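Everything numeric here is computed off the predicted structure, so don't read it as measured data. Each ligand, and each atom within it, is numbered from 1 in the order the structure gives.
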Amino acid sequence: MSALLTVSDVSVAYGKVEAVRSVSLHVDAGEIVTIIGANGAGKTTLMNAIMGILPLNGSVTFRGRQVSRLDIEDRVAAGLSIVPEHRELFGSMTVEENLQLGAFRVPRAEATSALERVNTLFPRLKERRTQLAGTLSGGEQQMLAMGRALMGQPKLLMLDEPSLGLAPLIVADIFRIVGELRQAGVAVLLVEQNARAALAIADRAYVMELGEFIMNGSAKEISDDPRVAASYLGFQSS
Ligand code: ATP
């Protein structure tokens, strides 16, 4: 299968400090790929650079096209989208208004069908469509952030720590929905500290330490690796 996203030899620096060093990865159509690693390993930095939020050295191709010099809007138009760690919703706007913002580049008829799909995936958002985003629970806010990203009809959705701060039951719900995205034909690049939950749903995984990938393989191979078990699976609660 040809890769949807190919990241080759990518480095990202904050001034003189290289937070990501020469990493390569690929995501195929319909795959869920996870990057696991400790706090500060460089996962967020890498995803932000793929999205165009941070400049990078190296190559990023998406659907056969070099995108590493495009601005963020053009990467969104190409089919990339990110749900940032802090969700970045507009708290004083309603659920539906936040969703509509995600479709500002999409023709009206497509936006209507995108909204229907988002409402099917997240019935809770439909129930709360007139509620202000700032009054939603943490789990609902995560769903809204994902829904807003999906309104732009991405081919690849990057999720940065979707489980952050959420109760285990809600985390299970969010991960179930991530699985449904794969069935809907959206590939997912998932950054997670909850390695156990991420590996349970992913097809493949990369392990990141101090800005570099130290291991990659099928989610099963990575879960079964004794070093991964000792470093990342030991104290997870779900
Ligand atoms: P986390 O789960 O905490 O977000 P992470 O694996 O996503 O961790 P990054 O946030 O990408 O890691 O951070 C990678 C490294 O870059 C860390 O050493 C961090 O301190 C540093 N870093 C992150 N953001 C900046 C910044 N704006 N300026 C300077 N250094 C930064």
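Judged by distance alone, with hydrogens and angles left aside, the side-chain atoms of Gln141 form a donor-acceptor pair with the main-chain N or O of Leu136 at under 3.5 Å. At distances below 3.5 Å, at least one donor-acceptor pair connects side-chain atoms of Arg129 with backbone N or O atoms of Lys126. Checking side-chain atoms of Asp74 against main-chain N and O of Leu70 turns up no donor-acceptor pair under 3.5 Å.
Between Ser22 and Asp9, the side chains place a donor N or O and an acceptor N or O closer than 3.5 Å (distance only, hydrogens not considered). Side-chain polar atoms of Ser163 and Glu192 form a donor-acceptor pair below 3.5 angstrom. Side-chain contact, Glu110 with Thr112: no donor N or O sits under 3.5 Å from an acceptor N or O.
Using a 4.0 Å cut-off to heavy atoms of Thr45, the atoms of ligand 1 that qualify are 9 (P), 11 (O), 13 (O), 14 (C). Counting atoms of ligand 1 from 1 in the listed order, those under 4.0 Å from a heavy atom of Ala38 are 6 (O). Close approach to Glu85 involves these atoms of ligand 1, each under 4.0 Å from a residue heavy atom: 4 (O). Close contacts of ligand 1 with Ala19, meaning ligand atoms under 4.0 Å from a residue heavy atom, involve 15 (C), 16 (O). Applying the 4.0 Å criterion to heavy atoms of Gly42 picks out, from ligand 1, the atoms 5 (P), 6 (O), 9 (P), 11 (O), 12 (O), 14 (C).
For atom 27 (N) of ligand 1, the nearest non-hydrogen atom of the protein is Tyr14 CE2, 3.6 Å.
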Practice task
Please report the C-alpha distance between Asn194 and Arg196 in whole Å, then the side-chain angles of each, then the deciding distance to 0.1 Å, and finally whether the side chain to side chain contact (heavy atoms under 4.5 Å, CB included) criterion is met.
Solution key: CA-CA 6 Å; Asn194 187 340; Arg196 192 181 292 279; 4.0 Å; yes
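Looking at Gly40 next to ligand 1, an N or O pair under 3.5 Å apart turns up. In terms of polar-atom proximity, Ala41 is counted as a contact of ligand 1, with an N or O under 3.5 Å from an N or O of the ligand.
If you check each of Val20, Asn39, Thr44, Leu210 against atom 4 (O) of ligand 1, the one with the closest non-hydrogen atom is Thr44. For atom 6 (O) of ligand 1, the candidate residues are Gln193, Lys43, Glu18; the nearest heavy-atom contact is made by Lys43.
The closest side-chain heavy-atom distance from Val33 to Leu190 is not below 4.5 Å. At a threshold of 4.5 Å between non-hydrogen side-chain atoms, the residues His26 and Leu4 do not count as touching.
In this structure, atom 19 (C) of ligand 1 has no protein heavy-atom contact shorter than 4.0 Å. Less than 4.0 angstrom separates atom 9 (P) of ligand 1 from at least one non-hydrogen atom of the protein.
At a heavy-atom cutoff of 4.0 Å, ligand 1 is contacted by the side chain of Glu161 but not by its backbone.
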